[in-house]
Amino acid sequence: MERVMKLGGESPVVIFTKSNCCISHSIETLIRSFGANPMIYELDELPNGMEMEKALVELGCKPSVPAVFIGKELVGGSNEIMSLNLRGNKLKQLLIRAKAIWV
């Protein structure tokens, strides 16, 4: 879990995903549409990906991917990100506060 939290804080936006997950791709595309450049960790391509996936589940991500960190904080998965996006400028505000994008 410590490793996941450390990686989650290494960039303004970090997404843990799997290469074959279409929902993860959609979330990545949404975040990029604001101008952010997220750090992507594809768990199925990492040697310790299964351990990291278990840690994400322990942190409350169900399903485990996508798991999105913004500003060193675990925001959640696709439901949380889409909810923030649909509630006005909430997602954009988080990205600005994290210095992932500029106005």
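Basis for what follows: all heavy atoms, side chains included, without hydrogens, waters or symmetry-related copies. This chain uses plain numbering: 1 for the first residue, then up along the sequence.
Taken together through direct or relayed side-chain contacts under 4.5 Å among Ile, Leu, Val, Met, Phe, Trp and Tyr, Leu56 and Leu46 form part of one hydrophobic cluster. A chain of hydrophobic side-chain contacts below 4.5 Å, direct or via other Ile, Leu, Val, Met, Phe, Trp or Tyr residues, connects Met5 to Val65.
For the atom pair Glu45 CD and Asn20 CG, the distance stands at 9.5 Å (nearest 0.5 Å). With rounding to the nearest 0.5 angstrom, the CD1 atom of Ile81 is 12.5 Å from the OG atom of Ser26. Taking SG of Cys21 as the reference point, atom CD1 of Ile15 lies at 11.0 Å (rounded to 0.5 Å). Atom CD of residue Glu28 and atom CG of residue Asn37 lie 9.0 Å apart, to the nearest 0.5 angstrom. Taking SG of Cys61 as the reference point, atom CG of Asn79 lies at 11.0 Å (rounded to 0.5 Å). To the nearest 0.5 Å, atoms CG (Leu43) and NZ (Lys54) are separated by 12.5 Å.
Under the rule for a ring pair (Phe, Tyr, Trp, His ring centres under 6.0 Å), the partners of Phe16 that lie at least two apart in sequence or sit in another chain are Tyr41, Phe69. Under the side chain to side chain donor-acceptor pair (under 3.5 Å) criterion, Arg3 pairs with no residue, sequence neighbours left out.
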Can you give the donor-acceptor pairs under 3.5 Å from side chains of residues 88-103 to other protein atoms, not counting sequence neighbours?
none

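A donor-acceptor contact shorter than 3.5 Å links the side chain of Thr29 to the backbone of His25. Although no hydrogens or angles enter the test, the distance criterion places a donor-acceptor pair under 3.5 Å between the side chain of Asp44 and the main chain of Ser19. When atom types are taken as modelled, the side chain of Glu73 and the backbone of Ile70 share no donor-acceptor pair closer than 3.5 angstrom. Between the side chain of Ser33 and the backbone N or O of Leu30, at least one donor-acceptor pair lies under 3.5 Å.
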Could you check Glu51 against Val4 for side-chain contact (heavy atoms from CB on, under 4.5 Å), going step by step and ending with a plain yes or no?
CA-CA 9 Å; Glu51 293 170 29; Val4 167; over 6 Å; no
Go through Val13 and Met39 one step at a time and tell me if the side-chain contact (heavy atoms from CB on, under 4.5 Å) criterion holds.
CA-CA 6 Å; Val13 181; Met39 174 70 71; over 6 Å; no
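Residues Glu53 and Ser64 have side chains that bring a donor and an acceptor to within less than 3.5 angstrom of each other.
Heavy-atom contacts from other residues, nucleotides or ligands closer than 6.0 Å to CD of Glu2 number 12 or fewer.
Closest approach of Ser24 and Lys18 over heavy atoms only: OG-N, 4.3 Å. Taking each heavy atom of Val14 and Gly8 in turn, the nearest pair found is CG2-O, 3.6 Å. Nearest heavy atoms, Glu10 versus Lys6: CG-O, 3.2 Å.
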